[in-house]
Amino acid sequence: MTEIISMNLSQEKKSCCAGHDHSELTVVTPSGGAENFCPMCPGVESHAPGDCPKCGMALERNPLFSDDGEDHEIRALGRKFRIAALLALPVFILAMSHLFPGVHFRKEITQWIEFILTIPVVFWAGGMFFTRAWISLKTWNLNMFTLIAIGVGAAFIYSAVAVIAPHVFPDSFKDHGEVGLYFEAAAVITALVLLGQLLEAKARARTGAAIQSLIGLAAKTARRLRDGKEEDVPVNTIALGDLLRVRPGEKIPIDGTILQGSGSIDESMITGEPMPVVKTDGDPVIGATLNQTGSFVMRAEKIGGDTLLSQIVQMVAEAQRSRAPIQKVADTVAGWFVPVVVASAIATFILWALHGPAPAMAFASVNAVSVLIIACPCALGLATPMSIMVGVGRAASMGILVKNARAIELAGKVTHLVTDKTGTLTTGKPRVTDVIPAPGHNHNSLLKLAASIESLSEHPLARAVVDTAKESNVRLFPVPDFESIVAGGVIGTADGKIVRIGKSSFLTAQGIRIPEDWQLRAQELQEKAKTVVWVGADTELAGIFAIADPIKASSAEAIRTLHDMGLKVIMCTGDNLDTAQAVARELGIDEVHAEFVPQDKIDLIRKLKQQGAVVAMAGDGINDAPALAGADVGIAMGTGTDVAIGSAAITLVKGDLMGVAKTIRLSRATMRNIRQNLFFAFIYNALGIPIAAGALYPYFGILLSPMIAGAAMSFSSVSVILNALRLRKTGL
């Protein structure tokens, strides 16, 4: 299997943004990849696990490489979160005990318990946040971790000093002779951020499921012909030019060309279309597609990374990895908020040290720390996760499964929807739409005659005829003899008649005359994207069936709704142009691209993105997987393949395109809610910074106690939680 997905690697050394040369880091061209890469910093990759030298994030496992067991990052984060939450809970209870009537603990004991329990939470479980903050400061890529580390560090150090040396604080910072402690803020913030990191790591890990599903589609063995003998061999031992035999019901092991024989091949994994394709001498065949009927000998012409399946695997992998998560709003705010806070704290210390009353250094230290504490982003740990959590829950209640926060963020900005046809706009299951009997036959007699013969065929069109007969409760004739002719049709005996079913050319070759008016009637049906199946009884035409892939009942309304929301809708399908245009006309789709292979679809996505469009892709098949992964927002039908669902960021459980419109509305509501939360997370703290710095002291003799700063943090958190819960009532 390694041979099937082998890629040629082209690497060059990469220096990190701090200017250090890391010989183990590489920039890998699209033709290959290292075993680990940074999910936040494109181009930073490594052949060994570790942390990114730019942002400090743990490197993520490349899904192209098999990974036994659960991801080590997820295991580590899970262990740290559980321990942090377990220790933070008693710290929080002790800190809040004064709010419960009749509950009294000795402060001189509880403060030491809080101190001891908080140390492992902050410095062991949350140690990586300080590491990432230090890296962000060195590289000047200030982000949420910078602010978290400063706030948590300030709260812990202030509280630790208050426990160990409370006498250094001025009396104005004491309540009933005691200095306020903020161990619970440091512990709870750390636990909350760890939870967010754990959920994010699990979401990223799911992206590898699509790659593994694709690799699993490949045939494991092949039947090789050599020296007049047949032998079963592993696929990765096949060489160029080897002759292989493929029998009915077997997967084609590798890409090649038929030399002898013929087969009816299901290529839906490539084209997305359920109709099998008849292949004969000289026709190309694709590895991993299914030979339904017939037997043939083929020559292997593409192996390893040159096969189409390998190229699809690589396209999905590149598309998933090329989508570095966009900078979070919180990080953007932190980029300017961190320098302001640090500068304010330094200025506060200097001004109080030079011009403050005695003891000047004590006032300078306490006021500087007060600035850092009031800026501590307690609500920042809740602002985005709370809205995302409520929004994702609201989506799930409507049958919309969201894989990651990035999808929620981008869905509301979508300008173009590229959609597959089969299984997305249509049901993906051929059905009989018209039964037209010839003179001497009626609807039921024609259906009974044809379904009796077709019941012995494995062709999808045959199953459509049989399903229609079952729905009409038609009892079938016994069929004593049956023959399937590849590239032709079927022949059998039913009700004493020799019944022939297939194309018009097949019936004509069997001596059955087809009147011209019937040819015209068939042409009208074909112009409506319907496939015509001809039925002959003995030497006469018995009638025709029109079979089509019906449009889903909700598709037309969904397209109208998306147009009303300002989106351009583009159909991109592997089906023929006539069928695609017929469906597009009926639904009012803006643009049609037909007979597209997977590479064409992802090329279209890239072209639209280069033009500045924000693109969503809706699909359900294996052939849609690269485009689903490469789009800004990939949306899979829940009725589709596991590969498509694994490649997409959003899954519509019911396979209903109306879910796309609901997703966009929910995205817009969620992002609006997040922006409101970020306002609540910062506004109280930001307004308190000048007061904490002592701006009111020269005029009113007022200093902002850190206890008031703690109240501001609590109030902002309550505001964030209440605002996020409003999303549960959002009308979609």
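Predicted model, so just to flag it, every value in this text is computed and none were measured. The first residue of the sequence shown is numbered 1, and numbering continues consecutively from there.
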- Message: salt bridge (Lys or Arg N to Asp or Glu O under 4.0 Å), that's the test. Do E267 and K279 meet it? Break it down for me.
- Response: CA-CA 11 Å; E267 295 186 337; K279 297 291 183 77; 2.8 Å; yes
- Would you sort out whether R665 and T561 count as a side chain to side chain contact (heavy atoms under 4.5 Å, CB included), showing the intermediate values? CA-CA 11 Å; R665 291 197 187 105; T561 302; 3.4 Å; yes
- Message: Would I252 and I265 count as a side chain to side chain contact (heavy atoms under 4.5 Å, CB included) here? Give the steps.
- Response: CA-CA 9 Å; I252 296 171; I265 300 172; 3.7 Å; yes
- Are I650 and L401 close enough, and set up right, to give a side chain to side chain contact (heavy atoms under 4.5 Å, CB included), and what steps lead you there? CA-CA 6 Å; I650 295 173; L401 305 183; over 6 Å; no
- Go through the steps for N673 and R726 under the test side chain to side chain contact (heavy atoms under 4.5 Å, CB included), then give the verdict. CA-CA 9 Å; N673 193 270; R726 293 192 307 111; 3.9 Å; yes
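Shortest non-hydrogen contact noted between I605 and A627 is CG1-CB, 4.1 Å. Between A649 and A407 the shortest heavy-atom distance is CB-CB, 3.6 Å. Residues A558 and M658 come closest through the heavy atom pair CA-SD, 3.3 Å. Between V633 and A411 the shortest heavy-atom distance is CG2-N, 3.8 Å. Taking each heavy atom of L666 and G391 in turn, the nearest pair found is CD2-O, 3.4 Å. Closest approach of A464 and P430 over heavy atoms only: CB-O, 3.4 Å.
Remark: the D656 side chain and the S554 side chain contain an N/O donor-acceptor pair separated by less than 3.5 Å. For D549 and T427, the side-chain atoms include at least one donor-acceptor pair closer than 3.5 Å. For Q611 and R606, the side-chain atoms include no donor-acceptor pair closer than 3.5 Å.
In this structure, the side chain of T289 does not engage the main chain of D266 through any donor-acceptor pair within 3.5 Å. Looking at K601, its side chain never comes within 3.5 Å of a backbone N or O of G574 through a donor-acceptor pair. The main-chain N or O of T307 is never found under 3.5 Å from a side-chain atom of D255 such that the two would form a donor-acceptor pair. No donor-acceptor pair closer than 3.5 Å links the side chain of K654 to the backbone N or O of I400. Between the D624 side chain and the D620 main chain, a donor and an acceptor come within less than 3.5 Å of each other.
Under the side-chain hydrogen bond (donor to acceptor under 3.5 Å, both in side chains) criterion, K302 pairs with no residue, sequence neighbours left out. In this structure Q526 satisfies the side-chain hydrogen bond (donor to acceptor under 3.5 Å, both in side chains) test with no other residue, sequence neighbours excluded. The side chain to side chain contact (heavy atoms under 4.5 Å, CB included) check on D434 picks up I436, L525, K530, A546, with sequence neighbours excluded. For D467, there are no salt bridge (Lys or Arg N to Asp or Glu O under 4.0 Å) partners, not counting sequence neighbours. With sequence neighbours excluded, no residue forms a salt bridge (Lys or Arg N to Asp or Glu O under 4.0 Å) with E595. Annotation: side chain to side chain contact (heavy atoms under 4.5 Å, CB included) contacts of I551 (sequence neighbours excluded): T426, S555, V583, E586, L587. Residues passing the side chain to side chain contact (heavy atoms under 4.5 Å, CB included) test with A594 are T573, L577, A580, sequence neighbours excluded. By the side-chain hydrogen bond (donor to acceptor under 3.5 Å, both in side chains) test, R431 is found to be paired with E471, residues two or more places apart in sequence or in another chain being considered. Considering only residues two or more places apart in sequence or on other chains, H563 meets the ring-ring contact (aromatic ring centres under 6.0 Å, His included) condition with none of them. The salt bridge (Lys or Arg N to Asp or Glu O under 4.0 Å) test applied to K251 returns no partner, not counting sequence neighbours. With sequence neighbours excluded, the residues that form a side chain to side chain contact (heavy atoms under 4.5 Å, CB included) with A613 are T415, H416, L608, V615. The side-chain hydrogen bond (donor to acceptor under 3.5 Å, both in side chains) check on T663 picks up nothing, with sequence neighbours excluded.
To the nearest 0.5 Å, atom CZ of residue R672 and atom CG of residue L727 are 8.5 Å apart. Taking CD of E591 as the start and CE of M571 as the end, the distance is 11.5 Å to the nearest 0.5 Å. Remark: M637 CE to L425 CG distance equals 8.5 Å, nearest 0.5 Å. Atom CZ of R675 is separated from atom OG1 of T670 by 10.5 Å, given to the nearest 0.5 angstrom. For the atom pair CD1 of I135 and CZ of R132, the computed distance is 8.5 Å after rounding to the nearest 0.5 Å. Remark: N623 CG to T422 OG1 distance equals 8.5 Å, nearest 0.5 Å.
Here the side chains of L77 and L194 are in contact, with some heavy-atom distance below 4.5 Å. At a threshold of 4.5 Å between non-hydrogen side-chain atoms, the residues I635 and L652 count as touching. I589 places none of its side-chain heavy atoms less than 4.5 Å from the side chain of I570. Taking 4.5 Å as the limit, some side-chain heavy atom of L604 sits within range of a side-chain heavy atom of C572.
Among I664, V414, L417, the one residue that satisfies the side chain to side chain contact (heavy atoms under 4.5 Å, CB included) test with M565 is I664.
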